[in-house]
Amino acid sequence: MTATAPPALALLPPADDALVLSHRLGEWAGHAPVLEEEVALANIALDLLGQARALYAELRDELGSEDEIAYLREERAFRNCQLVEQPNEDFAHTIVRQLYFSAYQLPLHHRLASCVPVAAKAAQETAYHLDHAEQWTLRLGDGTEESHARMQRAADALWRYTGELFEPIEGLDIDWHGLRAEWSGTLTDVFGRAGLTVPDGPGTGAWSAGAGRQGLHTEPFGRMLAEMQHLHRSHPGASW
Amino acid sequence: MASATSPPREREAGSGAGPARAGAPPEKSEQEFQADFDAAVAADERIEPRDWMPDAYRATLVRQIAQHAHSEIIGMQPEANWITRAPSLRRKAILMAKVQDEAGHGLYLYGAAETLGADREELLDKLHSGRQKYSSIFNYPTLTWADVGAIGWLVDGAAITNQVPLCRCSYGPYARAMVRVCKEESFHQRQGYELLLALSRGTPAQRAMAQDAVDRWWWPSLMMFGPPDEASSHSARSMAWKIKRHSNDELRQRFVDICVPQAESLGLTLPDPELTWNAERGHWDFGPIDWQEFQEILKGNGPCNAQRLEQRRRAHDDGAWVREAAAAHAAKQRSRPVEPPAHQERQPAGAHTAAPRAARSGDR
Ligand SMILES: [Fe+2]
Ligand SMILES: [Fe+2]
């Protein structure tokens, strides 16, 4: 664990993770399976957006204002992992994506809490996100044959994007092996209780190893950014 | 509009704890209950779920609250349309929080309807099958970013004008829900105003966008108060029951009087050449409303009627497997022996879906 603050640019990957996942969750508005989930998914989206903005504020000297960072970078400059940019698909994919990510983000925030104030505050929010994903994993894994099958399909499909989470981020001097072990422990426990099988094989496909962190993204991400950035870019220099 | 007459269970739920106010002797006659009810309403007392109430009062409330709840959730759509394109992170956070608030309003209101014996699933079914309505205002499209501001300023503004008197409605749970709702709607109204102000003071293109949005939303928002008093069918009885406290035309006038000076501060023009101050009346006179358009939209011929309902149905249908799974899991949990203690630490707090947490502090 670091005692001194990491270099600001080391915070870009976690900041982009939060921004991108927040955007994906925002796409659920008006489409959720129950009204309570309209509220819950928006809560998580808002927390993540808040985290992204707080982290971008730390990057002001290097990269400019939060809107310049979010709206004026090209796809190749984003450092988020590929997991968070994956499309929502059905509710099962959204829940599994959240479970994989929050189970990673929580121990990451715990490790950064002593040197990054934003992470300390975010840890409480992340614990709630993990709990939400876990409860739904238990319900859907156990509920009906269909929900079980959908969850297992989502778990398998998204598995290949998880290995990248543990590629060390330059400048974040933390115990990455311990982080991975904690993540695996959480998943094994939750999937076990949900009657789901932890997917086999490496968590990283041949074409995605460390890719998002290096600015190599999947095709849906470009369309996501096009939508997100279009209005801002159409009015150069305008303030909103 | 299709009426939301009471399904049989409404009577049951309403009389669940005895048909009268607490402690009343069971041999009271119908007339005596009616007299108690009338006296309570006349004295501005609140009617609570366990109190006796006339069937027609209950049915009117269920219909009105359900329509209000439906409006909250359909109303999420036109604004959610801009979440993914919000032009700054600050605006994006405000908009997501607003759309979330509307979902929360839907929850409070379906909850209030359930205190009258209605059931959320059944009410949603009536919405989806077109037997119950939602506010026609949401059948207009949001074409530009400025529409988000115009909706906040005008549509939430009109909703507040309509709903502030409902905070004193005779039915307790509805009145209390309205207190919470109105507090949040006034945030929305201010945020909408502030969004338009930023555009109005921005580039020529932004300014034009703001004016165009106000041009399109002004007349529909005046129609939100319903038909003119002489054509309004339910009004008189609802006034007597203190469900409604002011007439449609009174509220519409109040709204116009509030908006005219605000439009001026915004530097935007309201699209009505007949708007003039009438010193004698102490109110702004305004031009005639196109009730033909209103009737057409009510009949389902608005630009977005089909689209809004279709999206709502699709979300509901796509979510069916999720709701079924949650119910199946809950049923299995009930029939299972208690989990071993080793797991208890990570057990979910309750078998309910995530509830709204305490209000967020950011950006309001
Ligand atoms: Fe609302
Ligand atoms: Fe609102």
Side-chain angles (χ1 to χ4, degrees), chain A residues 19 22-23 26-27 29-47 49-50 52-53 56 66-67 70-71 90-92 128 131-132 134-136 138-144 146-148 150 186 189-190 193 224 227-232 234-235 237-240, chain B residues 73 76-77 79-93 96-97 99-100 103-104 106-107 110 120 145 195 198-199 202-203 205-206 311-312 314-316 318-330 332-333 339 343 346 348-349 351-357 360 362:
Chain A
L19 177 76
S22 164
H23 185 96
E27 292 173 352
H31 300 273
V34 284
L35 202 41
E36 283 82 354
E37 284 309 296
E38 293 284 359
V39 176
L41 295 172
N43 257 338
I44 300 172
L46 280 163
D47 285 345
L49 183 53
R53 295 176 69 191
Y56 288 148
E66 60 174 25
D67 287 340
Y71 290 97
D90 65 357
F91 192 67
Y128 163 81
D131 185 53
H132 174 263
E134 176 182 331
Q135 290 188 37
W136 272 111
L138 295 177
R139 273 186 214 116
L140 298 176
D142 177 60
T144 62
E146 180 181 8
S147 69
H148 179 89
R150 282 178 184 261
T186 305
D189 170 51
V190 175
R193 281 184 293 127
M224 190 203 103
E227 183 173 343
M228 183 177 101
Q229 296 182 336
H230 164 260
L231 177 59
H232 184 96
S234 301
H235 298 262
S239 57
W240 299 94
Chain B
I73 63 168
M76 297 168 69
Q77 292 182 27
E79 293 195 275
N81 183 35
W82 283 93
I83 287 178
T84 54
R85 292 176 288 172
S88 73
L89 296 185
R90 175 172 169 268
R91 292 289 177 200
K92 187 170 178 162
M96 278 207 283
V99 173
Q100 182 194 40
L107 279 174
Y110 286 118
R120 196 210 297 183
W145 170 250
L195 190 163
L199 296 180
T203 64
Q206 286 178 305
Q311 178 176 331
R312 185 84 265 300
R314 199 178 331 118
H316 195 75
D318 288 352
W321 70 270
V322 177
R323 296 189 302 277
E324 279 158 24
H329 172 71
K332 287 188 205 174
Q333 287 292 86
E339 296 263 326
H343 286 157
R346 294 189 63 85
H352 53 76
T353 47
R357 283 181 298 160
R360 298 162 310 275

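Chain naming here is simple, since letters A, B, ... match the order of the sequence lines and numbering starts at 1 in each.
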Fill in the blank from the handout: Assert top hit (heavy-atom pairs under 4.5 Å, partner chain A, pool B:Ala325, B:Gly319, B:Ala315) equals B:Ala325
Exercise for the section: Ignoring hydrogens and angles, tell me if any N or O in the side chain of A:Asp67 forms a donor-acceptor pair with the backbone of B:Leu89 under 3.5 Å. Expected result: yes
Problem - Per-residue contact mode, A:Leu19 against chain B (heavy atom under 4.5 angstrom) - result: side chain
Exercise for the section: Answer with side chain, backbone, both or neither: which region of B:Val322 has an atom nearer than 4.5 Å to a non-hydrogen atom of chain A? Expected result: both
Completion exercise
Checked B:Ala198, B:Ser88, B:Ala327, B:Ala86 vs chain A; the most non-hydrogen pairs under 4.5 Å come from B:Ser88
Fill in the blank from the handout: Note: A:Val39 and B:Gly104 closest approach over all heavy atoms is CG2-N, 4.1 Å
Fill in the blank from the handout: Rounded to the nearest 0.5 Å, the NE2 atom of A:His31 sits from the CZ atom of B:Arg312 at a distance of 10.5 Å
Exercise for the section: Locate the shortest heavy-atom distance separating B:Ala326 from A:Arg139; write the atom from each residue and the value. Expected result: CB-CD, 3.9 Å
Fill in the blank from the handout: Honestly, the part of A:Tyr71 sitting under 4.5 Å from a heavy atom of chain B is side chain
Practice task
Please test B:Arg120 against A:Glu36 for salt bridge (charged side-chain N to carboxylate O under 4.0 Å, His left out), starting from the C-alpha separation and ending with a verdict.
Solution key: CA-CA 12 Å; B:Arg120 196 210 297 183; A:Glu36 283 82 354; 2.5 Å; yes
Handout entry: For A:Gly26 against B:Ile83, the heavy-atom pair lying closest together
Key = O-CG2, 4.1 Å
Exercise for the section: Calculate, to the nearest 0.5 Å, the distance between atoms NZ and CG belonging to B:Lys332 and A:Asp142 respectively. Expected result: 4.0 Å
Handout entry: Closest-packed option against chain B by number of heavy-atom pairs under 4.5 Å, given A:Met228, A:Glu227, A:Met224, A:Glu38
Key = A:Glu227
Practice task
Sort A:His235 into side chain, backbone, both or neither according to what part of it lies under 4.5 angstrom from a heavy atom of chain B.
Solution key: side chain
Exercise for the section: Check whether any side-chain heavy atom of A:His232 lies under 4.5 Å from a side-chain heavy atom of B:Arg85, and answer yes or no. Expected result: no
Practice task
Measure the shortest side-chain to side-chain distance between B:Trp321 and A:Thr144 over non-hydrogen atoms and say whether it is less than 4.5 angstrom.
Solution key: no
Fill in the blank from the handout: By salt bridge (Lys or Arg N to Asp or Glu O under 4.0 Å), A:Arg150 pairs with (sequence neighbours left out) A:Asp90, A:Glu146
Completion exercise
Looking only at heavy atoms, the pair that brings B:Val99 and A:Ala29 closest together is CG1-CB, 4.2 Å
Problem - Segment of A:Leu49 engaging chain B (4.5 angstrom heavy-atom cut-off) - result: side chain
Fill in the blank from the handout: Closest non-hydrogen contact found for A:Gly30 with B:Gln311 is O-NE2, 3.1 Å
Problem - From CA spacing to verdict: side-chain contact (heavy atoms from CB on, under 4.5 Å), A:Trp240, B:Gln206 - result: CA-CA 9 Å; A:Trp240 299 94; B:Gln206 286 178 305; 3.4 Å; yes
Handout entry: Proximity breakdown for A:Ala92 and chain B, heavy-atom pairs closer than 4.5 Å
Key = both
Handout entry: Heavy-atom proximity to chain A below 4.5 Å, by part of B:Thr84
Key = both
Completion exercise
Whatever's closer than 4.5 Å to a heavy atom in chain B on A:Ala70 counts as side chain
Exercise for the section: For residues B:His329 and A:Ser147, determine if any side-chain heavy atom of one lies less than 4.5 Å from a side-chain heavy atom of the other. Expected result: no
Practice task
Starting from the C-alpha separation in whole Å, work towards a yes-or-no answer on side-chain contact (heavy atoms from CB on, under 4.5 Å) for A:Leu231 and B:Trp82.
Solution key: CA-CA 10 Å; A:Leu231 177 59; B:Trp82 283 93; 4.1 Å; yes
